[in-house]
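Since the structure comes first, as structure tokens, the remarks are kept for the end.
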Amino acid sequence: MSWNGIVKAVNRATTSIMQNTGAMEKTVDKDFTEQESKLNTLEQRLESLHKEAKGYLDAVRGTTMAQQRIAETIDQFYDDTNPLAKAGKLYKDAVIKMDEEVRSELDSTYRTTVLDPIGKYIAVFPDYHDLIKKRQKKLLDYDRTRHDVKKLVEKPSNDPSKLASAESEANQAKNVYESINQQLLAEIPVLVEMRIPYLTPSFEALVKSQLTFNQAAFYKLDGVKQVFPPDNDNSLEGRAESALQQMRELSICRSN
């Protein structure tokens, strides 16, 4: 940092301390405070959306991987002579295909149409935060120079040029601060309002990707379902209870 930069940093730190202790007036801009709050709220919501959207993709991957592990285990229960061996094989083939589609189609499309656009929106915010930090520094400069002018007005110096010089410095500081402030007041609302037209395509893509995946999963698993006996009311529960009852009647179970 240059000597001039060190002097500015010290002056700004001193100004901030004096304002916090009430020794110097502090400029308050309610309009800017409101816009900054909206900016921060939008950023937090976008980060949350990106996190949850990525969580969905991770969950789908986890689901298809878990299905494959289940399929591998179930396949070990049936030998080729069992009528339901075909169901085990069909299920295994179905979940493997589902996992392949997630990796080759859903993953790529979902990232391109959902995750990447949200990520690009989030990437804009650091530029705004940098300008807000710059605004704060320039505001401290402006408040300090206004304070210097006020002191010279209340207690005039023997050198009249000091007041003119202080007023000139204050006007310059004011112009720099107001230029940045107006830019932020003009552009933050635009960025916030753009959330609807920008995110709607990603929202639509998210819904369509979920629909496509779930429909494909339904058709694949429905094919496996056709191998099982037709369902009747409580048939699954009834068949399981019947098998359990037969196990209870085994001599070892009855002895306990």
Side-chain angles (χ1 to χ4, degrees), residues 26-67 95 97-143 173-222:
K26 182 178 182 179
T27 298
V28 176
D29 188 335
K30 293 183 179 179
D31 290 338
F32 174 78
T33 301
E34 179 182 355
Q35 294 304 324
E36 184 182 21
S37 176
K38 289 181 179 180
L39 181 76
N40 292 333
T41 298
L42 176 60
E43 183 179 26
Q44 291 170 3
R45 289 175 178 173
L46 283 169
E47 289 175 343
S48 177
L49 176 60
H50 190 269
K51 177 182 177 181
E52 298 304 330
K54 184 178 182 301
Y56 164 76
L57 183 58
D58 293 340
V60 171
R61 286 174 174 170
T63 297
T64 58
M65 291 177 65
Q67 286 175 315
V95 296
K97 184 63 176 176
M98 287 167 58
D99 185 67
E100 289 174 351
E101 290 180 355
V102 166
R103 295 178 183 279
S104 64
E105 298 176 20
L106 176 63
D107 191 295
S108 176
T109 302
Y110 191 81
R111 287 186 180 280
T112 301
T113 60
V114 179
L115 294 181
D116 288 351
I118 298 174
K120 289 176 181 178
Y121 199 170
I122 294 173
V124 171
F125 285 80
D127 291 337
Y128 281 79
H129 291 311
D130 287 344
L131 191 58
I132 288 172
K133 290 177 183 178
K134 184 176 181 180
R135 172 195 177 275
Q136 179 59 25
K137 292 177 180 179
K138 299 305 179 182
L139 178 56
L140 288 172
D141 294 341
Y142 174 44
D143 284 344
K174 177 182 178 182
N175 291 336
V176 172
Y177 158 70
E178 289 188 343
S179 175
I180 296 175
N181 192 56
Q182 288 303 316
Q183 182 182 2
L184 288 167
L185 288 175
E187 295 187 14
I188 289 177
V190 175
L191 180 68
V192 173
E193 289 302 316
M194 283 297 295
R195 71 192 187 281
I196 302 301
Y198 185 83
L199 290 176
T200 296
S202 291
F203 179 35
E204 181 179 354
L206 183 147
V207 173
K208 288 182 177 179
S209 66
Q210 291 183 1
L211 177 62
T212 299
F213 172 75
N214 289 325
Q215 284 180 333
F218 171 80
Y219 289 127
K220 289 179 177 63
L221 295 178
D222 190 59

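- For the pair Thr113 and Ser202, the tightest heavy-atom approach, listed with the atom from each and the gap, is O-OG, 3.0 Å.
- Counting all heavy atoms, side chain and backbone alike, Thr112 lies closest to Pro117 at O-CD, 3.3 Å.
- Distance CD/Gln44 to OG1/Thr41: 5.5 Å, rounded to 0.5 Å.
- Taking CD1 of Ile180 as the reference point, atom OH of Tyr142 lies at 14.0 Å (rounded to 0.5 Å).
- Within the 4.5 Å cutoff, the side chain of Glu100 has no heavy atoms near those of the Thr64 side chain.
- Note on Asp99 versus Arg103: salt bridge recorded, some NZ/NE/NH1/NH2 to OD/OE distance being below 4.0 Å.
- Atom-to-atom distance recorded for Tyr177:OH and Lys134:NZ is 14.5 Å, nearest 0.5 angstrom.
- In this structure, Lys220 places its NZ atom where more than 12 heavy-atom neighbours from other residues, nucleotides or ligands lie under 6.0 Å away.
- Summarising the geometry of Gln67 relative to Leu221, their closest heavy-atom pair is NE2-CD1, 4.5 Å, with the distance given to 0.1 Å.
- Ion pair Glu47/Lys51 not flagged as a salt bridge, since none of the NZ, NE, NH1 or NH2 atoms sits closer than 4.0 Å to an Asp/Glu carboxylate oxygen.
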- Query: Is there a salt bridge (charged side-chain N to carboxylate O under 4.0 Å, His left out) between Asp141 and Lys137 once you walk through the steps?
  - Reply: CA-CA 6 Å; Asp141 294 341; Lys137 292 177 180 179; over 6 Å; no
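- Residues Glu187 and Tyr128 approach most closely at O-OH, 3.8 Å, considering heavy atoms.
- Between the side chain of Thr33 and the backbone N or O of Asp29, at least one donor-acceptor pair lies under 3.5 Å.
- Note: Leu115 CG to Asp107 CG = 8.5 Å, rounded to the nearest 0.5 Å.
- More than 12 heavy atoms of other residues, nucleotides or ligands lie within 6.0 Å of CZ in Arg195, so this atom counts as buried by the packing criterion.
- The aromatic rings of Tyr56 and Tyr110 are tilted relative to each other, their planes meeting at an angle between 30° and 60°.
- Between Leu185 and Gln182, some side-chain heavy-atom pair lies under the 4.5 Å cut-off.
- Residues Glu36 and Arg135 are not paired through a salt bridge, judged by the lack of any N-O separation under 4.0 Å between the basic side chain and the carboxylate.
- Considering all non-hydrogen atoms of both residues, Leu42 and Val192 come closest at CD2-CA, 3.7 Å.
- Heavy atoms of other residues, nucleotides or ligands lying less than 6.0 angstrom from OH of Tyr198 number more than 12.
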- Message: Assess the residue pair Leu39 and Leu184 against the criterion (side chain to side chain contact (heavy atoms under 4.5 Å, CB included)); give the C-alpha distance rounded to whole Å, side-chain angles, the decisive distance to 0.1 Å, and a yes or no.
- Response: CA-CA 10 Å; Leu39 181 76; Leu184 288 167; over 6 Å; no
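- The distance from the CD1 atom of Ile118 to the CG atom of Leu206 is 7.5 Å, given to the nearest 0.5 Å.
- Side-chain atoms of Ser108 do not come within 3.5 Å of backbone N or O of Ser104 as any donor-acceptor pair.
- Put simply, CG on Leu57 and CZ on Arg61 are 4.5 Å apart, with the number rounded to the nearest 0.5 Å.
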- For the pair Glu43 and Val124, evaluate side chain to side chain contact (heavy atoms under 4.5 Å, CB included) and give the outcome as yes or no after the intermediate values. CA-CA 10 Å; Glu43 183 179 26; Val124 171; over 6 Å; no
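- What you find for His50 and Gly119 is that their closest heavy atoms are CD2-N, 3.8 Å.
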